[in-house]
Amino acid sequence: MHKLKVIFKRIINYLHAAVPPLYLKIDQEHHYEVWAKNDNKETFFAKVVLNESSADLAFYKDLTREEEWLMFPGDIFKRMENTFECHISDLSPELEDNIKEVIDNLLQYFVDNKLLPPPEKF
């Protein structure tokens with residue numbers, strides 16, 4: 001369980017680095033969730049939930065197949081294909097980099113699609 005707690009905390013740190021412009025909606029011992037807000041509209045961005053056998057990671061899912069392919073690089077695309085969530089029991093350096101890249105890609109997508117205000121208003 002210690003290994004999973006470390007994975008959970010590392011993913012939280014990546015999500016927390018995006019607050020703001022995202023905001024923290026749930027911050028519990030086993031559940032961390034961030035959302036976007038623009039013009040009083042809230043949109044789910046991502047969450048990580050610690051379970052007995054994995055850290056479950058989920059991202060915004062209202063993407064087309066092409067957008068999904070562009071947003072989710074490498075191994076994480078295979079893990080999240082058509083579900084936008086995955087169970088992580090081991091966090092390789094490649095998967096860590098993929099998670100960080102997904103967060104960056106989705107932040108840009110949220111700005112481009114007006115789910116977040118422009119960066120100068122953060």
Contact check, side chains of [X] and [Y], non-hydrogen atoms, under 4.5 Å:
X	Y	result
F72	E101	no
V6	F8	no
L106	M71	yes
L15	N13	no

Check your understanding: Just wondering, more than 12 heavy atoms not from E66 lying within 6.0 Å of its CD?
Key -> no

[X] to [Y] - nearest heavy-atom pair and separation:
X	Y	value
Y109	D62	OH-O, 3.7 Å
A18	I103	CB-CG2, 4.3 Å
P21	L107	CG-CD2, 4.0 Å
I88	L4	O-CD2, 3.8 Å
H87	S54	CB-OG, 3.6 Å
L91	I99	CD1-CD1, 3.9 Å

**Study point:** Check ion pair K3-D90 (N to O, under 4.0 angstrom)
**Key:**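 Salt bridge present between K3 and D90.
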
**Study point:** Electrostatic pair K25:E42 at N-O distance under 4.0 angstrom
**Key:** yes

How long is the straight-line distance from [atom2] of [Y] back to [atom1] of [X], given to the nearest 0.5 Å?
X	Y	atom1	atom2	value
K41	K114	NZ	NZ	12.5 Å
L116	N38	CG	CG	6.5 Å
I12	E33	CD1	CD	11.5 Å
K61	L63	NZ	CG	11.0 Å
R10	L95	CZ	CG	11.0 Å
K47	H31	NZ	NE2	5.0 Å

Point to revise | Working for ring-ring contact (aromatic ring centres under 6.0 Å, His included), residues F45 and W35 | key: CA-CA 5 Å; F45 186 87; W35 287 61; over 10 Å; no

Point to revise | Trace of the side chain to side chain contact (heavy atoms under 4.5 Å, CB included) decision for E85 with L57 | key: CA-CA 5 Å; E85 59 184 61; L57 177 62; over 6 Å; no

Practice item. May I ask you to check whether F110 and Y60 place their ring centers less than 6.0 Å from one another? Key: yes

**Study point:** Transitive ILVMFWY side-chain link V49 to I11, under 4.5 Å
**Key:**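 In one cluster with V49: I11, no.
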
Exercise for review: Answer yes or no: is there a donor N or O on one side and an acceptor on the other, between the side chain of D56 and the main chain of V48, under 3.5 Å?
Suggested key: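 It does not hold such a pair.
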
**Study point:** Distance-only donor-acceptor check, side chains W69 and E67, under 3.5 Å
**Key:**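 Their side chains do not contain a donor-acceptor pair, so the 3.5 Å distance test is not met.
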
Point to revise | Stepwise side chain to side chain contact (heavy atoms under 4.5 Å, CB included) check, V34 with F44 | key: CA-CA 7 Å; V34 291; F44 170 77; over 6 Å; no

Practice item. Kindly write out the residues that satisfy side chain to side chain donor-acceptor pair (under 3.5 Å) with Q108, not counting sequence neighbours, or none if the list is empty. Key: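 In terms of side chain to side chain donor-acceptor pair (under 3.5 Å), with neighbours along the sequence ignored, Q108 is linked to D112.
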
